[in-house]
Number of protein chains: 4
Amino acid sequence: MAGSVNKVILVGNLGKDPEVRMSQAGAKIVSFTLATSDTWNDRASGERRERTEWHRVVIFNDRLADVAERFLRKGRQVYLEGSLQTRKWTDQGGQERYTTEVVLAAFRGELTLLDSRPDGETGGQYGAAPERRQAAPAYGNTGPVDEISF
Amino acid sequence: MAGSVNKVILVGNLGKDPEVRMSQAGAKIVSFTLATSDTWNDRASGERRERTEWHRVVIFNDRLADVAERFLRKGRQVYLEGSLQTRKWTDQGGQERYTTEVVLAAFRGELTLLDSRPDGETGGQYGAAPERRQAAPAYGNTGPVDEISF
Amino acid sequence: MAGSVNKVILVGNLGKDPEVRMSQAGAKIVSFTLATSDTWNDRASGERRERTEWHRVVIFNDRLADVAERFLRKGRQVYLEGSLQTRKWTDQGGQERYTTEVVLAAFRGELTLLDSRPDGETGGQYGAAPERRQAAPAYGNTGPVDEISF
Amino acid sequence: MAGSVNKVILVGNLGKDPEVRMSQAGAKIVSFTLATSDTWNDRASGERRERTEWHRVVIFNDRLADVAERFLRKGRQVYLEGSLQTRKWTDQGGQERYTTEVVLAAFRGELTLLDSRPDGETGGQYGAAPERRQAAPAYGNTGPVDEISF
DNA sequence: TTTT
DNA sequence: TTTT
C-alpha cells in the first residue's frame with residue numbers, strides 16, 4: 001500500500017475508572033470508555049439535540065499506560081490520539097462478533113490530561129485507585145491481548 | 001459536557017466502488033470500506049508484519065457525497081476526516097449487534113482525493129459506475145439512516 | 001495538485017482577551033494568541049525543560065468568531081482546528097516580513113471550549129469584555145484582511 | 001499548563017529535494033518545503049481561486065530523517081505530522097526576524113509517502129540525490145539547530 | 001458509564 | 001501574554 005494513515009483524536013470524559021491488566025508477556029494494558037458529546041439543531045423539529053458517543057480505548061504504550069493508571073479517573077477530561085482497530089471475538093452462543101477500539105499501540109499514540117485536578121493520586125471525586133487484575137489465562141486468544149472487557 | 005472532540009483521520013484505499021443510496025428524506029448517502037495498513041517489526045520473532053484494517057465510511061454531507069459518488073472508485077486513495085459513531089442493530093436471530101462507522105455528517109467532515117486519475121467517471125480500473133439503489137423501506141428503522149450494508 | 005491537506009490542531013490557553021475587528025466587508029474577525037507548552041527531559045543535562053510556543057490565531061468563520069467573541073477570555077483553555085497561512089507584510093523600514101498564522105477560514109475550522117467556566121459573559125478573571133475596534137481604512141491592503149496586530 | 005496540544009497535519013508536495021545537514025552533535029537533520037493548495041469560490045467575483053501555501057518542514061527525528069533522506073524528492077507527495085515552532089533569528093541588518101516551521105522532533109512526528117514510486121533512490125523525475133552539506137560552524141547559535149535555510 |  |  002502506498003502509505004496509509006489511521007488516526008483518531010478524541011477529547012472526552014472517562015465513564016469509569018480505568019481498568020488495568022497485564023498481558024501474558026507482562027506488559028501493562030489500560031482500558032476505559034470515553035464519552036464525547038455531539039450537539040446539533042434538528043432541522044425538522046428545530047430542537048436542540050444531543051448524542052453521547054462512547055469510545056472503547058485500550059492503551060498498550062507502556063509510558064502512556066503508566067500515566068493513565070496514575071492519573072486517569074472517572075470523570076476526568078482527556079485528549080488522546082490512537083488508531084482504529086476492529087477485533088473479532090466469539091460470544092457465548094458461538095457467534096462471531098466485532099468490536100472497534102481506539103488503540104494506543106506500543107510506542108505510539110498520545111495522551112494529555114486537560115482538566116487540572118489537585119492530585120490524581122490521592123484525591124476526592126477522582127481518587128479511587130483503579131482496579132488491577134491479573135490477566136486471565138488466554139485459552140484460544142487470537143488477538144493482540146487477552147480478552148478486554150469494559 | 002465541557003467541550004469534546006470526536007475526530008477520525010484516514011488515508012487509505014477503497015475496497016470496492018462506493019454504494020450510493022437515498023435516505024427517506026431524499027438525501028444522498030454514500031458508503032464504502034477503506035483499507036489502511038499498519039506494518040511493524042514483531043519484537044518476539046523479529047519478523048516484519050502487516051495488518052490491514054478495514055473502516056466503514058458513511059457520508060451524509062451532501063457536497064462530499066457528490067464528490068464521492070463522482071470520483072471515488074475501488075482502489076482509489078483518499079484522505080478523509082469524520083467522526084466515530086457506533087450504531088446498534090438487530091441481526092436475523094434477534095441479537096443486538098453494534099457497528100462502528102466513520103461518519104461524515106451533514107456540513108461536517110473532509111474528503112480529498114490523493115492519487116490523480118485521468119477521469120474518475122470514465123475510466124480503466126476505476127471506471128465502473130457505483131451502484132445506485134433506492135432506499136429500502138425503513139421498517140423499524142431507528143438510526144440516522146436506513147440500514148447500511150457493506 | 002492531487003489533493004492536499006493543511007491542518008493545525010491546538011489545545012492551549014489564551015494569552016490575552018481576543019481582539020475583535022471588522023473587515024471592510026463588515027465581517028467580524030477575531031484574533032488572539034494561544035500558548036502551548038512542550039516539556040521534555042534534556043538528554044544531555046537530564047533536566048526537565050519546558051518551552052512555551054505562542055500561536056497567532058485568526059478567525060474569519062462567522063459562527064466561530066461569534067463564539068470566540070462571547071466566550072474566549074485571557075487564560076481560557078480551548079481546542080481549535082485551523083490551517084497554516086503565512087502572509088507577507090512590509091515593516092516601517094520598508095522591509096518585507098512574513099507572519100505565520102493559524103487561520104479559521106469562512107465555513108472552516110473548529111473551536112471548542114475545554115474548561116468550564118461559570119459564565120464567560122459576566123465574570124471574574126475572564127470577564128473583561130474584549131476590545132472592539134472599527135477596522136482601520138485599508139489603504140494598500142493586499143491580504144485577506146486589514147492588518148492584524150497582536 | 002493543564003495539558004496542551006501542538007499538532008500540524010500536512011499532505012502536500014515537496015518543492016525541492018530535501019536538504020540534509022548534520023547538527024553539531026552529529027544528528028541528521030532534514031529540511032524541505034512542502035506545498036499545499038487551497039481552492040475556493042470567491043463569493044464576490046464568483047471565480048474559482050487557488051492559493052498555494054509553502055510550509056517549512058524540519059525533521060530531527062532520526063528514523064524519519066533517514067526515511068526522508070532516502071525517499072523524499074522534489075515533487076513527491078507526503079503525509080506528515082509535526083508541531084509548530086517559531087524561532088527567532090537576526091538578519092544581516094541586525095534586525096530580529098521570526099520563522100515558523102513544522103518540526104518533527106526527536107521521537108515525535110509522522111511521515112508517510114503517499115504516491116508510490118518505483119525507487120526513490122534511483123529514479124526518474126525524483127532521482128537527484130539530495131544535497132548533503134556539513135553543518136556550518138555555529139557561531140552564536142542559540143536555537144535547537146544550526147541555522148536552517150531553505 | 002462521563003460531562004454540561 | 002497563557003498555563004502548571
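Sequence lines set the chain letters: A, B, ... in the order given, protein chains first and strands last, and positions in each chain run from 1. Everything numeric in this text was worked out from a predicted model, so none of it was measured.
To the nearest angstrom, C1' of F/dT2 lies 12 Å from CZ of C/Phe32. One interatomic measurement links the two molecules: CG of A/Asp17 to P of E/dT1, which rounds to 15 Å at whole-angstrom precision. The separation between A/Gln77 atom CD and F/dT4 atom P is 14 Å, rounded to whole Å. Following rounding to the nearest Å, C/Leu114 (CG) and F/dT3 (C1') show an atom-to-atom distance of 13 Å. Residue C/Arg51 contributes atom CZ, which lies 20 Å from atom P of F/dT3 at whole-angstrom precision. Between the CG atom of A/Asp115 and the P atom of E/dT3 there is a distance of 10 Å, rounded to whole Å. With rounding to whole Å, C/Lys16 atom NZ is found 6 Å from F/dT1 atom C1'. Across the protein-nucleic acid pair, C/Leu72 atom CG and F/dT1 atom P stand 20 Å apart, rounded to whole Å.
Residue C/Trp54 has its side chain nearest to F/dT1 when only E/dT4, E/dT2, F/dT1 are considered. Candidate nucleotides E/dT4, E/dT1, F/dT2 were compared by shortest atom distance to the side chain of A/Thr33, and E/dT1 ranks first. Distances were taken from every side-chain heavy atom of A/Ala35 (C-beta onward) to each of F/dT4, E/dT2, F/dT2; the shortest belongs to E/dT2.
Counted by atom type alone, C/Trp89 and C/Thr99 present one or more donor-acceptor pairs between their side chains at under 3.5 Å. Of the N and O atoms on the side chains of C/Arg48 and C/Thr39, at least one donor lies less than 3.5 Å from an acceptor on the other residue.
A salt bridge does not link C/Glu110 with B/Lys7: every distance from a Lys NZ or Arg NE/NH1/NH2 to an Asp or Glu carboxylate oxygen is 4.0 Å or more.
Not a single donor-acceptor pair, N or O on each side, falls under 3.5 Å between the base of E/dT3 and the side chain of A/Ser37.
Of all the heavy atoms in C/Gly75 and C/Asp115, the pair that sits closest is O-OD2, 4.3 Å.
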